[in-house]
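Take a look at the structure below.
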Amino acid sequence: MSQKLVLIDGHSILNRAFYGVPDLSNAEGLHTNAIYGFLNIMFKILEEEKPDYLAVAFDVHAPTFRHQMYQAYKGTRKPMPEELRQQVPVMKEVLKAMHITIMEQAGLEADDILGTLAKKAEQEGMEVSLVSGDRDLLQIATDHIKIRIPKTKQGRTEIEDYYAADVQAAYQVTPLQFIELKALMGDTADNIPGVPKVGEKTAQALMVEYGSLDNIYSHVEEISKKSIRESLIEHKDLAELSKTLATIKTDCDLQLDYDQAKAEGFYTPEAYTLCKRLEFKNLLGRFEKNAAATDTKITENFRIIEEKKEFLDFLKKAKKQKEIGLWLITEPAVGSNTKKEELLGASVSVPDAETVFYALKREQEPGGQLSLFEEVKQTVDETAEITAALQELSSVKGLRIATFDVKRQYDYLDHSGTEQYFDILIAAYLLNPLKNDYDPESIASEHLGIMIQGKAEVFGKRSFRTLLSEERKKAAEYTCYGAWVSVKCRKVLEDKLEVAGMKRLMNEMEMPLSLVLYDMQKEGVAVRREELKSYGDALVARIEELEHAIHEQAGVDFNINSPKQLGEVLFETMQIPGGKKTKTGYSTAADVLEKLSADYPIVRDILEYRGLTKLKSTYADGLAAFIEADGRIHTNFNQTITATGRISSTEPNLQNIPMRMELGRKIRKVFVPREGYEFMDADYSQIELRVLAHMSGDEQLIDAYRQEEDIHRITASKVFHTPFEEVTDLQRRNAKAVNFGIVYGISSFGLSQDLSISKKEAAQYIEQYFETYPKVKEFIDKLVADAKNKGYTETMFGRRRPIPELSSSNFMQRSFGERVAMNAPIQGTAADIIKIAMIKVWKALKEEELKSRLILQVHDELLIETALEEEARVREILTENMKSAADLAVTLEIDLHTGKDWYEAK
DNA sequence: CTGCACCGA
DNA sequence: ACGATTCGGTGCAGA
């Protein structure tokens with residue numbers, strides 16, 4: 001069988017990919033969509049063709065002969081967008097890393113390179129596939145040269161294939177005639193002028209009838225249509241120029257080195273690392289699968305310790321080190337409804353020496369004769385013994401411990417403080433808060449530039465527990481890597497934090513906070529299960545009524561929860577005017593429905609139904625599922641999720657319990673303190689606006705806060721030049737909306753939507769606002785300008801947020817970046833402040849050995865389960881520490897309440 | 001697995 | 001002419 005060569009038109013495919021794939025960028029702010037699309041297309045082709053050889057051709061940027069001819073004719077080519085231009089060198093880097101031959105030569109266009117190589121290969125008896133987005137290449141097609149044109153349709157890549165016969169079928173001309181067809185009709189994308197007035201249809205008809213350009217001009221007088229005839233005659237020179245432009249050279253002096261172009265060995269560690277850096281998660285699996293073939297992974301000194309005694313001895317010796325890496329693998333106990341993490345394995349890495357792994361005896365040894373009781377007892381004893389040793393190790397003064405995700409491990413470590421720990425998860429997050437997930441392997445790749453096995457590759461969908469029994473060695477190796485990478489990364493990450501000015505943020509804020517959050521999670525919050533149940537039952541009764549009424553009014557039974565069905569019923573079956581939106585059908589969003597609710601009772605019922613089913617599923621049922629054996633909900637506070645530095649809460653999310661509507665708000669009654677305790681809840685009063693006042697230094701805004709009056713009313717008074725006492729409710733509402741808008745990164749459109757006013761009016765409000773607070777305007781302008789210069793924003797405490805969108809040429813993307821640049825420093829600083837407050841409050845409670853506990857944080861609010869007898873002192877602690885968390889030009893004020901449940905305390 | 005809808009700050 | 005306020009999480013439907 002003949003051999004197969006795949007040739008790829010680099011720029012053309014990159015171009016296609018750029019416009020076909022939505023904008024992506026990695027954490028460095030590098031746009032990556034074209035590279036991603038290119039690789040996807042290339043892999044698809046490789047899989048289909050399984051070629052023997054592969055090469056990619058690029059244009060060199062120096063102008064070529066054909067360019068010059070064209071430029072002489074008409075100006076310059078339109079420039080490549082910046083987002084694409086920056087991807088070209090990276091693309092080449094990726095290809096080089098994959099050992100793929102890149103052909104480029106000054107003076108030659110990619111087309112000419114491709115044409116020449118294709119023809120040569122054909123003569124040598126090969127089958128050639130030429131991949132390009134450019135139909136120009138169709139002239140090269142023969143029975144052995146297939147032109148493949150990828151199209152991206154709705155995320156799927158489809159490829160049109162053209163042999164010579166297919167060109168004939170599609171265009172009624174041979175590939176050679178195709179050149180002249182192009183010359184006649186022109187092609188703006190390829191900068192071929194063509195003959196004016198001759199389009200695709202006319203050109204095709206002419207070519208079919210006369211067969212060639214020469215023949216057309218020989219019979220030009222016979223052409224019946226006057227305008228066409230005259231244009232042809234008048235622009236004969238253009239036709240000839242176009243032909244020259246359209247003709248691809250196939251006789252260039254170049255040679256493909258087939259040895260180097262062998263289609264194999266793509267999956268190199270360098271390429272893998274690059275793909276990691278570019279954050280092509282979908283592609284990584286491909287590398288991992290093929291990694292065995294190019295296995296160059298580092299072989300470190302890893303060892304499994306089987307005997308408990310030996311492991312304990314190792315831990316003892318480790319105490320003498322200055323620094324170790326430590327990683328404990330924990331998983332929730334099987335079949336329990338608690339989140340208590342069970343210790344399964346531990347790895348300790350001694351720098352420049354060895355890394356050991358020890359697995360706790362969790363599963364029955366083969367042939368074991370132990371009774372269940374004995375087995376459990378042994379496990380418990382062993383866990384206690386190992387835990388004690390780990391705690392001893394981790395409390396050694398002067399021993400630095402690098403680890404990954406310390407919050408999950410405090411159960412088994414000394415957690416009287418955090419000074420000894422360095423969490424690479426948190427460090428990686430601070431350096432780069434935009435990433436979706438941080439695992440040891442991606443940190444290793446990004447910060448150490450090495451490729452280690454990924455969790456997905458090792459585990460698949462298996463739990464650690466399963467892996468440990470099935471492939472003990474792999475489990476051990478994975479854990480060892482975690483400890484090894486942690487300690488290896490520590491200095492690198494610390495240096496990067498230092499350079500970025502985030503060292504104190506790391507050591508004095510985030511590390512201590514990890515312990516505060518651990519305690520809060522462990523503490524949990526009591527929930528009255530029966531109350532929650534009856535709340536749900538009450539909802540069901542009303543939901544069923546509404547469901548019946550809605551079906552009745554619609555005349556059909558349908559799923560009200562399906563936006564698709566609902567849209568069809570409302571806007572088609574019932575013919576309610578309200579129009580289309582969204583790509584998937586009619587919009588049934590609340591703001592659309594609200595406009596209709598006055599006229600259509602069914603819409604009102606639907607809105608009520610929506611609200612109630614939301615309460616039922618997300619809150620009544622949703623929360624009930626998270627109540628653990630101790631009668632409490634232990635939410636997870638995540639420290640490394642948000643781009644701005646806020647904490648997030650999951651499983652369940654306790655930061656979005658209903659508040660605004662009375663019915664929903666009642667859910668808060670099921671959150672209760674334990675016996676002998678009450679809830680004390682304090683929230684910051686407009687913390688973001690106060691941060692804005694401080695950071696901008698605007699005297700007017702600062703002065704407004706010094707008056708200790710309703711800030712929105714003062715703003716209204718200043719903005720609308722109305723005496724304070726005469727400010728109307730409407731004026732106040734508008735001023736409040738602008739205040740919020742400023743914090744969010746305002747646009748006049750957004751404000752107009754918010755206030756249901758015209759864009760023009762909204763713009764006017766904003767202008768007046770800026771006149772009132774001129775330094776606020778200066779400040780947010782400066783935020784955007786600085787962010788554009790530096791590529792990131794900063795909070796008062798040095799927390800960074802990169803904003804890659806600011807360099808986009810796409811208006812929407814860029815505007816988004818600008819709003820983010822205004823919002824992130826404000827929201828982020830507020831987040832920093834409450835984190836400081838949390839740490840101070842937590843410390844105070846601890847130092848005074850109080851029984852009261854910090855249990856929840858809701859962005860600007862702290863909830864303390866307060867022992868009744870400690871109320872006065874806790875009130876002082878909370879007030880004092882929240883107010884003094886930051887020293888601003890305005891005071892930090894709080895609203896504090898106590899109550900027998902969360903409803904009352906808020 | 002994605003889009004929609006909707007809850008909070 | 002168009003776009004069109006930030007940060008999150010969860011549940012559901014429908015592919």
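Chain identifiers are assigned alphabetically (A, B, ...) following the order of the sequence lines, protein sequences preceding nucleic acid strands; residue numbering begins at 1 within each chain.
- For A:Ala885, the side-chain contact (heavy atoms from CB on, under 4.5 Å) criterion is met by A:Tyr684, A:Ile833, A:Ile836, A:Ala837, not counting sequence neighbours.
- Counting non-hydrogen atoms under 4.0 angstrom, A:Ala830 reaches nothing in the nucleic acid.
- In terms of the side-chain contact (heavy atoms from CB on, under 4.5 Å) criterion, residue partners of A:Tyr586 (sequence neighbours excluded) are, by chain and number, A:Phe571, A:Glu572, A:Lys580.
- Atom CD1 in A:Ile803 sits roughly 17 Å away from atom P in C:dT5 (whole-Å rounding).
- Atom CG in A:Asp591 sits about 14 Å away from atom C1' in C:dT5, given to the nearest Å.
- Residues meeting the side-chain contact (heavy atoms from CB on, under 4.5 Å) test with A:Ala905, sequence neighbours left out: A:Phe679, A:Asp681.
- In this structure, A:Asn739 atom CG and C:dT6 atom C1' are separated by 15 Å, rounded to whole Å.
- Judged as a side chain to side chain donor-acceptor pair (under 3.5 Å), and not counting sequence neighbours, the contacts of A:Lys840 are A:Ser884.
- Distance CZ (A:Arg690) to P (B:dA9): 17 Å, rounded to an integer number of Å.
- When the side-chain nitrogen and oxygen atoms of A:Ser747 are compared with OP1 and OP2 of C:dT5, one or more of them lie within a distance under 4.0 Å.
- Residues A:Met882 and A:Leu862 have side chains in contact (heavy-atom distance under 4.5 Å, counting atoms from C-beta outward).
- Residue A:Ile746 is out of contact with every strand shown, counting any heavy-atom pair closer than 4.0 Å.
- Within 4.0 Å (heavy atoms only), A:Thr613 reaches no atom of the nucleic acid at all.
- Donor-acceptor pairing under 3.5 Å is lacking for the side chains of A:Glu688 and A:Gln827.
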task: Do nucleotides 10-15 of chain C as a string where each nucleotide becomes B, S or -: B if the base has a protein heavy atom under 4.0 Å, S if just the sugar-phosphate does, - if no protein is that close.
output: BSSSS-
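- Comparing the same atom, P, in B:dC6 and in C:dC2 gives a spacing of 26 Å after rounding to whole Å.
- Looking at heavy-atom distances under 4.0 Å, A:Val743 makes no contact with the nucleic acid at all.
- The side chain of A:Arg660 contributes no N or O atom lying less than 4.0 Å from OP1 or OP2 of B:dC6.
- Contacts of A:Phe816 with the nucleic acid, taken as non-hydrogen atoms under 4.0 Å apart, involve only primed sugar atoms and P, OP1 or OP2.
- Distance from the side chain of A:Met659 is smallest to B:dA9 among B:dC6, B:dA9, B:dC7.
- Comparing atom distances between the A:Arg646 side chain and each of C:dG8, C:dT5, C:dC7 picks out C:dC7 as nearest.
- Atom P of nucleotide C:dC7 and atom CD1 of A:Ile641 are separated by 14 Å, given to the nearest angstrom.
- Among the atoms of the strands shown, none is found under 4.0 Å from any heavy atom of A:Ala831.
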query: Would A:Tyr769 and A:Tyr765 count as a ring-ring contact (aromatic ring centres under 6.0 Å, His included) if you check the C-alpha gap in whole Å, the side-chain angles of each, and the deciding distance to 0.1 Å?
result: CA-CA 6 Å; A:Tyr769 185 93; A:Tyr765 284 178; over 10 Å; no
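- Legend: residues meeting ring pair (Phe, Tyr, Trp, His ring centres under 6.0 Å) with A:His551, ordered by chain and number and at least two apart, are A:Phe558.
- Look at A:Arg819 and you'll find a side-chain N or O under 4.0 angstrom from OP1 or OP2 of C:dT6.
- With rounding to whole Å, A:Arg814 atom CZ is found 19 Å from C:dC2 atom P.
- The CD atom of A:Gln857 sits 17 Å away from the P atom of C:dC7 (whole-angstrom rounding).
- Atom CG in A:Leu607 sits roughly 7 Å away from atom P in B:dC6 (whole-Å rounding).
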